[in-house]
Amino acid sequence: CRRTGSSVANKHIDRVFADHADTVRIMRELRFLRLLKHPNIIGVEHVLVPQHARSFDDIFIVTELLDTDLARLIKSKTKYDDIHTRWVVYQLLRGLSHIHTAGVFHRDLKPANLLVNKNTDLKICDFGLARGVDSEDHGPLTEYVVTRWCPRAHAAPGD
């Protein structure tokens, strides 16, 4: 980030308006990330959109940068002490408590959506499937929720 000099992560979302369901999911995620301010929830620094309405097809969500996610840590050969495990679980429960107190269900909680830094500080991310339980902008909650498979997301680093 040129303004602060800190390292950030960019989530590039292309063809924002190509599919109505995806557009709704993206807008919902941005709304929840804006509202759910907590040390254990990923923070959004900026949302970058094109300057001209005619070229408004892609957006970039700029967030804090963390080193890895819990899925990669679990797969790694690194051994962690019980104190590290307890610290990660504590932070997860703390973040979930905040989310649930706000009347939100994440609905896609998995190790890949739990970001971790070198100090094992944890942040919950990816609120694309989240729903507010008291919200009037939707009907009944869907009982079957699944993360869609994306070949790029499952590629090895450097592929």
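A quick note: this is a predicted structure, and the numbers were derived from the prediction, not measured.
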Please lay out, stage by stage, how E64 and V8 fare under the test side chain to side chain contact (heavy atoms under 4.5 Å, CB included).
CA-CA 5 Å; E64 311 169 62; V8 295; over 6 Å; no

- Check against side chain to side chain donor-acceptor pair (under 3.5 Å), N113 and D69: CA-CA 7 Å; N113 289 338; D69 60 52; over 6 Å; no

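Residue I41 comes nearest to H98 through the heavy atom pair CD1-CD2, 3.7 Å, listed as atom of the first residue, atom of the second, then distance. For the pair R94 and N40, the tightest heavy-atom approach, listed with the atom from each and the gap, is NH1-OD1, 3.2 Å. Taking all atoms of both residues into account, the shortest heavy-atom contact from V104 to A130 is CG1-CB, 4.1 Å. Looking at every heavy atom in both residues, L30 comes nearest to I59 through CD1-CD1, 4.2 Å. Scanning both residues, L115 and C125, for their nearest heavy atoms gives CG-SG, 3.7 Å. Taking each heavy atom of I124 and L96 in turn, the nearest pair found is CD1-N, 3.9 Å.
K123 has its side chain out of reach of Q91: every pair of non-hydrogen atoms, C-beta onward, lies at least 4.5 Å apart. Here the side chains of T68 and L73 are in contact, with some heavy-atom distance below 4.5 Å. When side chains are defined from C-beta on, D22 counts as touching R25, because their heavy atoms get closer than 4.5 Å. By the 4.5 Å heavy-atom criterion applied to side chains, V116 and D67 are not counted as neighbours.
With hydrogens and angles disregarded, a donor-acceptor distance shorter than 3.5 Å links the side chain of T23 to the backbone of D19. A donor-acceptor pair under 3.5 Å is absent between the side-chain atoms of N119 and the main chain of D121, judged by distance alone. Between the D126 side chain and the D108 main chain, no donor and acceptor come within less than 3.5 Å of each other.
Relative ring orientation between F60 and H12 is described as parallel, the plane-to-plane angle staying below 30° on a 0-90° scale split at 30° and 60°.
The pair K11-E29 meets the salt-bridge criterion, since a charged nitrogen lies less than 4.0 angstrom from a carboxylate oxygen.
Tracing side-chain contacts under 4.5 Å through hydrophobic residues (I, L, V, M, F, W, Y), one never reaches I61 starting from L65; they form parts of separate clusters. Criterion: ILVMFWY side-chain heavy atoms under 4.5 Å apart, direct or through other members. Under it, V47 and I26 are part of a common hydrophobic cluster. Linking ILVMFWY residues whenever their side-chain heavy atoms come closer than 4.5 Å, directly or via other members, leaves L33 and L48 in distinct clusters. Note: the hydrophobic cluster containing L36 also contains V44 (ILVMFWY, side chain heavy atoms under 4.5 Å, direct or indirect links). In the hydrophobic clustering of this structure, L70 does not group with Y90; members are Ile, Leu, Val, Met, Phe, Trp, Tyr whose side-chain heavy atoms approach within less than 4.5 Å, directly or through other members.
More than 12 heavy atoms of other residues, nucleotides or ligands sit less than 6.0 Å from atom OH of Y80.
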